[in-house]
Structures are given as C-alpha cells and as structure tokens.
Peer 1: 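I'd like to ask some things about the structure below.
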Amino acid sequence: TIDIVNSLRNFTGLNQGRVKEIRFQEIVATVKNIISRKLDHIEIVESYDESIIQCNVVGINQVVMNLLTNALDAMELSGKEKKILKISGN
C-alpha cells in the first residue's frame with residue numbers, strides 16, 4: 001500500500017511543481033502501479049530510452065493513464081486470450 005500511496009502522490013503532483021524534468025519510465029511506473037489490478041494476466045513489453053523530459057508531470061501522468069486504460073479496455077473488447085501491451089518511446 002505504501003507504493004500505491006507514493007504513486008498517487010506522484011500522480012497528483014503533491015511532490016512536484018508544475019513543470020519538472022523527469023524520466024518517462026518513472027511516469028509509466030507510477031501509472032502502472034496505480035492501475036496494477038487491471039494489469040493482471042497482461043504481458044507488458046517496455047522499450048524506451050532513459051531520456052529526461054521536461055513536462056507538466058500531473059498532465060503527462062493523466063495522458064499516460066488515459067492511454068494505458070484505453071488500451072486495456074480495447075484488449076478486453078478484443079476477446080483474445082493472450083494480451084500484450086507494448087509501451088515504447090524511443
């Protein structure tokens with residue numbers, strides 16, 4: 001539960017200002033932790049470099065959350081047994 005609380009603090013921006021330099025994988029890790037229950041039985045393949053981006057952390061967290069949840073919803077509708085979520089950003 002501590003991981004989820006920390007992820008929610010990162011997600012809502014309680015620990016950051018408006019614009020911050022952050023690694024993309026930190027954003028993805030935060031969002032994955034928040035929606036971890038939806039990720040059961042889904043293989044996740046991640047491929048991105050360790051670039052630092054400057055962004056509104058709260059805004060980008062919301063964008064990544066929406067993209068991942070939309071992808072998960074689409075997978076559920078597909079009816080396929082094996083589900084693979086690919087996250088890339090090279």
Side-chain angles (χ1 to χ4, degrees):
T1 56
I2 290 175
D3 288 338
I4 292 173
V5 170
N6 288 335
S7 292
L8 287 170
R9 292 182 110 177
N10 290 338
F11 184 82
T12 60
L14 292 177
N15 296 335
Q16 296 115 13
R18 297 284 291 153
V19 175
K20 179 183 174 184
E21 288 185 346
I22 190 167
R23 285 187 169 78
F24 182 70
Q25 61 262 34
E26 291 176 44
I27 295 166
V28 172
T30 295
V31 172
K32 281 177 21 187
N33 198 22
I34 292 170
I35 63 171
S36 60
R37 290 194 184 264
K38 288 185 122 189
L39 299 175
D40 290 342
H41 310 294
I42 294 177
E43 180 183 345
I44 300 174
V45 178
E46 297 177 61
S47 170
Y48 35 78
D49 59 23
E50 295 194 24
S51 296
I52 295 175
I53 58 172
Q54 188 174 26
C55 62
N56 175 321
V57 176
V58 174
I60 198 71
N61 278 334
Q62 291 173 348
V63 167
V64 172
M65 170 82 80
N66 288 338
L67 289 170
L68 291 183
T69 55
N70 288 345
L72 294 171
D73 290 345
M75 281 188 229
E76 287 300 316
L77 293 174
S78 75
K80 292 183 179 178
E81 201 169 304
K82 184 173 182 177
K83 296 174 175 78
I84 301 172
L85 177 62
K86 295 181 182 179
I87 305 170
S88 65
N90 295 352

Peer 1: Under 4.0 Å between a side-chain nitrogen and a carboxylate oxygen: does that hold for Asp40 and Lys83?
Peer 2: no

Peer 1: So, taking the atom named CG in Asp49 and the one named OG in Ser88, what distance separates them when rounded to the nearest 0.5 Å?
Peer 2: 10.5 Å

Peer 1: With rounding to the nearest 0.5 Å, note down the distance linking CG in Leu85 to NZ in Lys32.
Peer 2: 9.0 Å

Peer 1: Side-chain heavy atoms nearer than 4.5 Å, only ILVMFWY residues, links allowed to pass through others: does that put Ile35 and Phe24 together?
Peer 2: yes

Peer 1: To the nearest 0.5 Å, tell me how far Ile87 CD1 sits from Gln25 CD.
Peer 2: 11.5 Å

Peer 1: If you round to the nearest 0.5 Å, how far is CG of Leu68 from CD1 of Ile34?
Peer 2: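 It is 10.5 Å, given to the nearest 0.5 Å.
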
Peer 1: Please check if Tyr48 and Ile60 belong to a single hydrophobic cluster, counting links between Ile, Leu, Val, Met, Phe, Trp and Tyr side chain heavy atoms closer than 4.5 Å.
Peer 2: yes

Peer 1: Can you tell me how far CE of Met75 sits from NZ of Lys82, rounded to the nearest 0.5 angstrom?
Peer 2: 12.5 Å

Peer 1: Treat each ILVMFWY residue as a node, draw an edge where side-chain heavy atoms are under 4.5 Å apart, and state whether Val64 and Ile42 are in one component.
Peer 2: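 Result: yes, single cluster for both.
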
Peer 1: For side chain to side chain contact (heavy atoms under 4.5 Å, CB included), just list the numbers for Thr69 and Val31, CA-CA rounded to whole Å, side-chain angles, deciding distance to a tenth of an Å, and then say yes or no.
Peer 2: CA-CA 10 Å; Thr69 55; Val31 172; over 6 Å; no

Peer 1: Decide yes or no for Ile22 and Ile53: does some side-chain heavy atom of the first lie under 4.5 Å from some side-chain heavy atom of the second?
Peer 2: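 Ile22 reaches Ile53 side chain to side chain.
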
Peer 1: What distance do Glu76 atom CD and Lys38 atom NZ have between them, rounded to the nearest 0.5 Å?
Peer 2: 8.5 Å

Peer 1: Could you tell me whether the side chain of Asn61 and the main chain of Val57 form a donor-acceptor pair under 3.5 Å?
Peer 2: yes

